[in-house]
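Residue numbering restarts at 1 for every chain, and letters A, B, ... go by the order of the sequence lines.
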Protein chains: 2
Amino acid sequence: MYAGGMDAPNMGLRELKKRQTRENISNHATRLFLERGFDAVTIAQVAAAAQVAKMTVTNYFARKEDLALDLHDVFVDLPAGTVRDREPGESALAALRRAYLAGIAERNPIIGFSGPEFARMITDSPALVARLREFHDDREKALAVVLAEETGAEPDDIRPRVAAAQLAAIHRLLFDETLRRTLDGHDNDEIARIVDGYARVAFGALEPALGDYAVR
Amino acid sequence: MYAGGMDAPNMGLRELKKRQTRENISNHATRLFLERGFDAVTIAQVAAAAQVAKMTVTNYFARKEDLALDLHDVFVDLPAGTVRDREPGESALAALRRAYLAGIAERNPIIGFSGPEFARMITDSPALVARLREFHDDREKALAVVLAEETGAEPDDIRPRVAAAQLAAIHRLLFDETLRRTLDGHDNDEIARIVDGYARVAFGALEPALGDYAVR
DNA sequence: ACCTAAATTTAGGTCGGACCTATCGATGTG
DNA sequence: CACATCGATAGGTCCGACCTAAATTTAGGT
């Protein structure tokens, strides 16, 4: 019988069960966190809800924060991938602005349109806020690597790191702003309208510095 | 008898003892952290070394990280204060660049010239790295507040936050770079030379965007 | 179908940081 | 000089992170 899921056609039973176990734990954890708040739920309670041993939870998720923010790689690789896949003739700045405005238009949860419950869960927990900072940090570093590659910069050239820092700073700011307004009870359409304007101002401010940087 | 220290002339015996206790704990903690590493030292060991109860340590320092990084306020207020005290006719960008280059010239520990032992202590400890990220975050927020005040911006004006994000991003980057090179064993003079060049590139990149922003 | 090696889960523990309450002791004020 | 106040202390709970050994499940070969 065909054993593959929609994620990976050739998957053994072992790998399949691992995915199910991970999903099962993550789903119970997310539900509990949204219901009671991240800090009010213990790993033991997650394990009990998912009906696995406490140790199984910590085997799959090295830190408790990863139970709530299980999207490190996609978050981190987003701007780096956007630059890597930019159109010919397009600058890194233009590609990132284009992708961000598109993300706003589609209300992409990963740039902050995650709903009030999720936003509340994060901001109420110092541990999650700290983990999110780490995400942003890793994201800036990934972007710097791509910019260095794409411009053929020498290892000691600070310019790709400066550009990455400025661009990542905008992403951070717009993300925070989206989250903040979500918490304040605004609906997504209103937030999208405002943040769209903010994004144009913010990316526009970098135009003179980065308009012709890393053009493919 | 005159009871004041050099910090506060009118201090009761109670307050004096509090300062001594705090200093005593902090000194023993710093010594132990540099000797054995932050994570390898427990609060109980700090308490034993300082000959106080464990609870006294946690009374003075809410988090263990604060035992090693007892400079939150001065770190956070540095750029905000620089902008607030800038010369007439000077932009926020010019003031921050001037202050940063001066900091490099005097090898100011607070911008990263802290010596290899201290740098090692920080980078070896995820908890301290995370706390440092929080410092940078608070610093950006403080700077944004000052820029909003100084430009008379409306609450919904994103520009002071964009400017603060870009300027704080440079501070972050240059701090990390100074720390990284300190860890790599370079001496302060060499680092100062290199980071000075980096600072000119980084602040210079913002000149077209911020050259005439927040001029006093 | 069986058997073995490898991978995964489990149980039961240690350790340290954060927090709590009640109490003791010193201070400086009335 | 008495006492209200504030800091320090003892002894505890709770939880996340981590460890080891053992039990269970799977994969692949015979």
Query raised in the report: A/K54 NZ to D/dC15 C1': how many Å, rounded?
Result: 9 Å
Query raised in the report: Rounded to whole angstrom units, what separation is found between the CD atom of B/Q20 and the P atom of C/dA26?
Result: 16 Å
Report task. In whole angstrom, give the distance that lies between atom NZ of B/K18 and atom P of C/dG25. Result -> 21 Å
Requested in this report: Indicate the ring-plane relationship of B/F203 and B/H171, choosing parallel, tilted or perpendicular according to the 30° and 60° boundaries.
Outcome: perpendicular
Report summary line: Regarding the side chain of B/E65, the nearest nucleotide among D/dT9, D/dA17, C/dA18 is C/dA18
Query raised in the report: Looking for any heavy atom pair under 4.0 Å, which part of the strands does A/V41 touch: base, sugar-phosphate only, or nothing?
Result: sugar-phosphate
Query raised in the report: Can you find a side chain N or O atom of A/K17 that sits less than 4.0 Å from OP1 or OP2 on D/dT25?
Result: no
Report summary line: Among the nucleotides C/dT10, D/dT9, D/dA17, whichever has the atom closest to the side chain of A/A53 is C/dT10
Query - Residue B/I43, side-chain heavy atoms: nucleotide from D/dT9, D/dG16, C/dG17 that is nearest - result: C/dG17
Query raised in the report: Given that both distances must come in under 3.5 Å, which nucleotide forms a Watson-Crick or G-U wobble pair with C/dT27?
Result: D/dA4
Query raised in the report: In whole angstroms, how far is the P atom of C/dG16 from the CG atom of B/L67?
Result: 16 Å
**Report entry** Candidate nucleotides D/dT9, C/dT9, C/dA18, ranked by approach to the side chain of A/T56 - the nearest
**Finding:** C/dT9
Query raised in the report: Hey, is the side chain of A/T21 poking within less than 4.0 Å of OP1 or OP2 on C/dT9, counting only N and O atoms?
Result: yes
Query raised in the report: Okay, side chain of B/N24, backbone of B/A50: is any donor-acceptor separation there less than 3.5 Å?
Result: yes
Report task. Before giving the answer on side chain to side chain contact (heavy atoms under 4.5 Å, CB included), spell out for B/R107 and B/D189 the whole-Å C-alpha distance, their side-chain angles and the decisive distance to 0.1 Å. Result -> CA-CA 8 Å; B/R107 317 288 193 261; B/D189 289 349; 2.7 Å; yes
Query raised in the report: What's the verdict on side chain to side chain contact (heavy atoms under 4.5 Å, CB included) for B/L174 and B/Y198, showing C-alpha distance, side-chain angles and the deciding distance?
Result: CA-CA 7 Å; B/L174 296 175; B/Y198 284 175; 3.8 Å; yes
Query - Atom-to-atom span, CG of B/D39 to C1' of D/dG16 - whole angstrom - result: 14 Å
Report task. Would you tell me if any nitrogen or oxygen in the side chain of B/K64 comes within less than 4.0 Å of OP1 or OP2 on C/dG16? Result -> no
Query raised in the report: Within a reach of under 6.0 Å around CZ of B/R86, are more than 12 heavy atoms found that belong to other residues, nucleotides or ligands?
Result: yes
**Report entry** Whole-Å distance separating the CZ atom of A/R22 from the P atom of C/dA7
**Finding:** 19 Å
Requested in this report: Please check the phosphate of D/dG7 (OP1 and OP2 only) for any side-chain N or O of B/Y60 closer than 4.0 Å.
Outcome: no
Report task. Find the distance A/Q51:CD to C/dT10:P and express it as a whole number of Å. Result -> 10 Å
Query raised in the report: Heavy atoms under 4.0 Å, any strand shown: does A/T42 hit a base, just sugar-phosphate, or nothing?
Result: sugar-phosphate
Query raised in the report: For A/M55 and B/M55, take the nucleotide of DNA chain D holding the closest heavy atom to each; which residue's nucleotide lies nearer the 5' end?
Result: B/M55
Query raised in the report: Taking atom P of D/dT9 as reference, at what distance in whole Å does atom CG of B/N59 sit?
Result: 9 Å
